[in-house]
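Notes follow once the structure below has been shown.
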Amino acid sequence: MGFLNCMMDEINQRVKFMQSQDYYFYLQPIEAMDGAWVTVGGRQMLMFASYSYLGLLGHPKINAAAQEAIERYGTGTHGVRILAGTLPLHEQLERAIAQFKHTDDAIVYSSGYVTNLTTVAALVGRNDVVLSDKLNHASIVDGCLLSHAKFVRFRHNDMDDLERRLQQAGDAARLVVTDAVFSMDGDIINLPELSRLCREYGVTLMVDEAHSVGVLGQTGQGIEEHFGLEDAIDLKMGTLSKTIPSVGGYIAGDKEVINYLKHHSRAFVFSAALPPAQVAAAQAALEVMQAEPERVQALQRNVEHFLTGLRTRGFDTLNSATPIVPIICGSDERAYQMARLCQERDIFVLPVVSPAVPPNMARLRANVMSSHTPEDIDRALDVFAEAGKTMGLVT
Ligand SMILES: *Cc1c(COP(=O)(O)O)cnc(C)c1O
């Protein structure tokens with residue numbers, strides 16, 4: 001194959017180097033699972049890298065719902081939703097999401113990534129300004145770029161900086177978009193102040209709850225419940241692939257916006273409907289989540305246990321207050337070495353390195369689940385502490 005671009009060479013060389021140093025942790029198949037334990041490369045490992053925060057992946061009621069949907073409707077649909085692709089299941093799921101998020105209506109797309117991409121691109125255009133937190137997920141960034149709006153990034157979770165930028169943008173400011181829980185740092189956006197600013201400046205607020213639903217709030221309803229707010233967010237985005245063990249994404253909001261997206265957002269109009277099994281699974285998962293609130297409580301207890309344990313052992317975990325727990329290592333190399341030490345001792349945890357995070361802020365990103373037992377958490381804390389001592393991260 002001929003020359004494509006230099007990025008391709010660079011990436012391939014980096015992968016080769018990592019493999020030669022035994023630093024390559026990506027693309028490892030998970031061969032089996034049993035609660036918080038998984039089989040990787042034939043070995044039993046304790047999972048600390050999953051987004052299945054409430055341990056719903058493999059839940060019998062959710063599996064049964066997916067199987068029933070296949071029996072009834074098959075494995076695909078008749079195409080795009082707006083033409084022949086809509087099933088009663090899609091309408092039921094959208095109603096269930098709207099009810100769960102306390103909005104008029106909702107729309108589902110085939111992934112969370114695509115949801116952000118197409119929604120932001122449909123909401124703002126050439127003459128508008130879209131304001132986005134510096135640490136927002138790539139799908140939001142890509143949506144802002146695709147929209148051709150003026151793309152303004154404010155300092156991470158810094159409401160004074162946002163206000164200055166809102167003033168600078170003036171009447172062109174249309175949309176503020178942010179993660180509820182930041183996917184690399186695990187901290188929570190200051191929603192009360194953010195919402196107040198958006199109201200004051202007359203700007204629409206869109207919040208990505210990928211790591212908020214099932215995680216935040218007493219019953220796992222998300223960031224509004226966490227802060228005791230209602231109607232603080234205009235557009236509530238979420239994914240169906242994390243706490244909810246399916247695939248897809250959604251926007252919940254006012255009827256007019258949802259109706260507009262159903263007729264104008266390109267990922268809805270030009271891409272096939274979600275398959276029946278995944279829609280039924282998502283719907284069942286929403287029901288299980290609400291019927292078994294003890295999972296949310298167990299998750300929150302585990303987060304507290306794990307974060308306190310790491311902090312008392314001297315680790316830097318930034319401002320995490322959620323099941324996403326960064327363990328700062330420094331250089332990329334040190335993060336790889338930490339990951340290897342932990343994986344050797346059967347903790348399945350993964351490194352995050354630059355450019356996904358700033359240079360010298362490479363880290364392990366450990367994800368807590370409700371299905372971890374207190375003993376699982378203690379065992380992981382012991383492994384992290386010992387690896388951290390070996391690496392000189394803690395004393
Ligand atoms: C995972 C994630 C997405 C993308 O969701 P998918 O369903 O995996 O495509 C979007 N935003 C955030 C913050 C995420 O963490």
Side-chain angles (χ1 to χ4, degrees), residues 29-40 44-75 87-90 92-101 106 108 110-112 181 209-222 225 238-250 252 274-303 306 322-324 348 366-377:
I30 306 298
E31 292 146 4
M33 69 172 175
D34 178 13
W37 289 82
V38 292
T39 312
V40 185
Q44 294 283 104
M45 297 178 90
L46 192 51
M47 177 55 104
F48 268 87
S50 173
Y51 296 137
S52 185
Y53 296 119
L54 297 182
L56 295 179
L57 187 59
H59 191 290
K61 280 188 190 156
I62 302 173
N63 288 1
Q67 279 156 0
E68 210 174 290
I70 290 181
E71 287 303 316
R72 188 163 180 149
Y73 296 108
T75 54
L87 300 170
L89 289 176
H90 293 106
Q92 282 160 28
L93 176 61
E94 285 169 344
R95 272 200 301 277
I97 290 169
Q99 201 170 26
F100 178 66
K101 296 309 300 176
V108 294
S110 53
S111 82
V181 172
E209 295 201 79
H211 303 280
S212 152
V213 165
V215 169
L216 295 183
Q218 272 250 279
T219 63
Q221 283 182 50
E225 189 185 19
T239 168
L240 304 175
S241 66
K242 289 185 169 117
T243 292
I244 295 173
S246 181
V247 71
Y250 67 81
L274 275 171
Q278 299 317 124
V279 179
Q283 166 103 34
L286 273 177
E287 287 161 12
V288 170
M289 196 164 89
Q290 291 169 90
E292 301 178 10
E294 60 276 11
R295 288 174 184 270
V296 179
Q297 279 127 44
L299 176 66
Q300 290 169 355
R301 271 199 308 277
N302 284 347
V303 168
F306 189 58
T322 67
I324 300 176
F348 192 82
N367 289 341
V368 180
M369 296 185 286
S370 64
S371 44
H372 288 128
T373 63
E375 295 73 38
D376 291 339
I377 304 273

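Positions are given from 1, in the same order as the sequence printed here.
- For an aromatic pair to be called close, the ring centres must be under 6.0 Å apart, and Phe48 with Phe306 satisfies this.
- One finds the CD atom of Glu294 at 10.0 Å from the CG atom of Leu54 (value rounded to the nearest 0.5 Å).
- Between Glu209 and Lys101 there is a salt bridge, since a side-chain N of the basic residue sits under 4.0 Å from a carboxylate O of the acidic one.
- Using bins of under 30°, 30° to 60° and over 60° for the plane-to-plane angle, the ring pair His211/Tyr51 lands in the perpendicular bin.
- Arg72 is not listed as a side-chain neighbour of Pro276, based on a closest heavy-atom distance of 4.5 Å or more.
- Counting only distance, with no hydrogens or angles, the side chain of His90 and the backbone of Leu274 share a donor-acceptor pair below 3.5 Å.
- Atoms CG and CG, from Leu57 and Asn63 in turn, are 8.0 Å apart once rounded to the nearest 0.5 Å.
- Heavy atoms of other residues, nucleotides or ligands lying less than 6.0 angstrom from CD of Gln44 number more than 12.
- To the nearest 0.5 Å, atom OG1 of residue Thr219 and atom CD of residue Gln297 are 9.0 Å apart.
- Remark: Gln99 CD is loosely packed, at most 12 non-hydrogen atoms of other residues, nucleotides or ligands lying under 6.0 Å away.
- Within the model, atoms CG of Leu93 and OH of Tyr250 stand 10.0 Å from one another, a figure rounded to the nearest 0.5 Å.
- At a threshold of 4.5 Å between non-hydrogen side-chain atoms, the residues Val288 and Ile62 count as touching.
- Looking at every heavy atom in both residues, Ser241 comes nearest to Val247 through CB-CA, 4.1 Å.
- The two residues Ile244 and Ala282 make their nearest non-hydrogen contact at CG2-CA, 3.7 Å.
- Between Val279 and Gln92, the closest side-chain pair of non-hydrogen atoms is not below 4.5 Å.
- In terms of heavy-atom proximity, Tyr53 sits nearest to Val368 at CD2-O, 3.5 Å.
- Considering Leu299, Leu216, Asn367 as possible partners of Thr322, the one that fulfils the side chain to side chain contact (heavy atoms under 4.5 Å, CB included) test is Leu216.
- Looking at heavy atoms from C-beta onward, Thr39 lies out of side-chain contact with Ile30 at the 4.5 angstrom threshold.
- The number of heavy atoms from other shown groups lying within 6.0 Å of CD (Gln218) does not exceed 12.
- When all heavy atoms are compared, the tightest approach of Ala36 to Ser371 is CB-O, 3.8 Å.
- Rounding to the nearest 0.5 Å places NZ of Lys61 at 5.5 Å from CD of Glu292.
- Residues Gln67 and Glu71 bring no donor and acceptor atom of their side chains to less than 3.5 Å of each other.
- Of all heavy-atom pairs between Gly217 and Gln300, the closest is O-NE2, 3.0 Å.
- For the pair Leu56 and Arg295, the minimum side-chain heavy-atom distance is below 4.5 Å.
- Panel note: side chain Thr243, backbone Val213; a donor-acceptor pair is recorded below 3.5 Å.
- Nearest heavy-atom pair across Leu89 and Ala69 is CD1-CB, 4.0 Å.
- Considering CE of Met33 and CE of Met47, their distance stands at 9.5 Å, rounded to 0.5 Å.
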